[in-house]
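What follows is one structure encoded as structure tokens, with my remarks underneath.
Index from 1, following the sequence.
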Amino acid sequence: EALPHVAFWLPTKEKGLVHWYRDNFGAFPDNLIVRVSGAMVDDKPPAGFEHTSTVHTTKGHNSHGVECLAYTRKGKCGDCRLCWDKSIPSVSYPKH
């Protein structure tokens with residue numbers, strides 16, 4: 001909230017903490033996107049969360065959501081901001 005001009009992205013497996021925060025404080029700030037990560041490789045995104053992330057083993061296969069293409073840029077995001085984009089429900093990262 002103190003830095004409204006900065007976009008923040010928080011990947012986490014802490015489902016309980018995300019629920020606790022929302023129950024106690026309400027919505028996250030507009031400039032923060034929290035992506036709850038799947039627990040297992042090639043598994044579906046966690047249920048009950050607006051924004052998630054997963055890991056898949058085969059390019060284009062078993063990805064649940066938009067595939068992260070950082071591997072095509074030597075592991076760099078470059079101009080891509082899919083992880084920060086609230087219109088993208090799930091981002092899937094190739095296992096590396």
Side-chain angles (χ1 to χ4, degrees):
E1 292 173 343
L3 299 169
H5 59 284
V6 177
F8 293 93
W9 162 57
L10 176 67
T12 183
K13 289 185 179 180
E14 297 292 336
K15 296 177 192 178
L17 187 57
V18 171
H19 284 300
W20 178 88
Y21 181 93
R22 290 191 311 199
D23 290 348
N24 288 280
F25 298 101
F28 291 106
D30 288 338
N31 62 331
L32 170 64
I33 184 165
V34 176
R35 288 197 180 274
V36 178
S37 304
M40 305 296 289
V41 174
D42 287 333
D43 206 1
K44 292 181 181 177
F49 297 96
E50 186 176 5
H51 301 103
T52 61
S53 62
T54 59
V55 174
H56 62 276
T57 54
T58 307
K59 182 182 170 208
H61 180 70
N62 289 334
S63 65
H64 298 281
V66 177
E67 182 178 35
C68 172
L69 297 177
Y71 69 91
T72 66
R73 297 181 294 274
K74 299 181 182 180
K76 307 284 185 193
C77 295
D79 292 340
C80 181
R81 291 295 175 263
L82 290 176
C83 294
W84 290 265
D85 188 337
K86 290 186 177 185
S87 72
I88 306 293
S90 191
V91 176
S92 189
Y93 306 98
K95 184 178 177 193
H96 58 281

What's the verdict on side-chain contact (heavy atoms from CB on, under 4.5 Å) for Asp43 and Thr54, showing C-alpha distance, side-chain angles and the deciding distance?
CA-CA 7 Å; Asp43 206 1; Thr54 59; over 6 Å; no

Pair Thr12-Val34, side-chain contact (heavy atoms from CB on, under 4.5 Å): steps then yes or no
CA-CA 7 Å; Thr12 183; Val34 176; 3.9 Å; yes

Can you check ring pair (Phe, Tyr, Trp, His ring centres under 6.0 Å) on Phe25 and Trp20, steps first, answer last?
CA-CA 8 Å; Phe25 298 101; Trp20 178 88; 5.7 Å; yes

Test ring pair (Phe, Tyr, Trp, His ring centres under 6.0 Å) applied to His19 and Phe49, step by step
CA-CA 9 Å; His19 284 300; Phe49 297 96; 4.9 Å; yes

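We find the NE2-OG1 distance between His64 and Thr52 to be 10.0 Å, quoted to the nearest 0.5 Å. Taking CG of Asp79 as the reference point, atom CZ of Arg73 lies at 8.0 Å (rounded to 0.5 Å). The CG atom of Leu32 lies 11.5 Å from the CG atom of Leu3; values are rounded to the nearest 0.5 Å.
When side chains are defined from C-beta on, Lys15 counts as touching Pro46, because their heavy atoms get closer than 4.5 Å.
A continuous path of hydrophobic side-chain contacts links Ile33 to Val91 [ILVMFWY only; heavy atoms under 4.5 Å]. Under the 4.5 Å side-chain heavy-atom criterion for Ile, Leu, Val, Met, Phe, Trp and Tyr, Phe8 and Ile88 are members of distinct hydrophobic clusters. A chain of hydrophobic side-chain contacts below 4.5 Å, direct or via other Ile, Leu, Val, Met, Phe, Trp or Tyr residues, connects Phe28 to Leu17.
Heavy atoms of other residues, nucleotides or ligands lying less than 6.0 angstrom from CG of Asn24 number more than 12. Around NZ of Lys86, the count of heavy atoms belonging to other residues, nucleotides or ligands within 6.0 Å exceeds 12.
A tilted orientation is assigned to the rings of Tyr93 and Trp9, their planes being inclined by 30° to 60°.
Of all the heavy atoms in Trp84 and Ala7, the pair that sits closest is NE1-O, 3.5 Å. Taking all atoms of both residues into account, the shortest heavy-atom contact from Cys68 to Pro94 is O-CD, 3.6 Å.
With Arg35 contributing its side chain and Cys83 its backbone, the two residues share a donor-acceptor pair below 3.5 Å. Proximity of a side-chain donor or acceptor of Asn31 to a complementary backbone N or O of Val6 within less than 3.5 Å is detected. Between the side chain of His51 and the backbone N or O of Ser90 there is no donor-acceptor pair closer than 3.5 Å. Side chain of Ser92 to main chain of Glu67: no donor-acceptor pair is present (N/O by atom type, distance under 3.5 Å, no hydrogens or angles).
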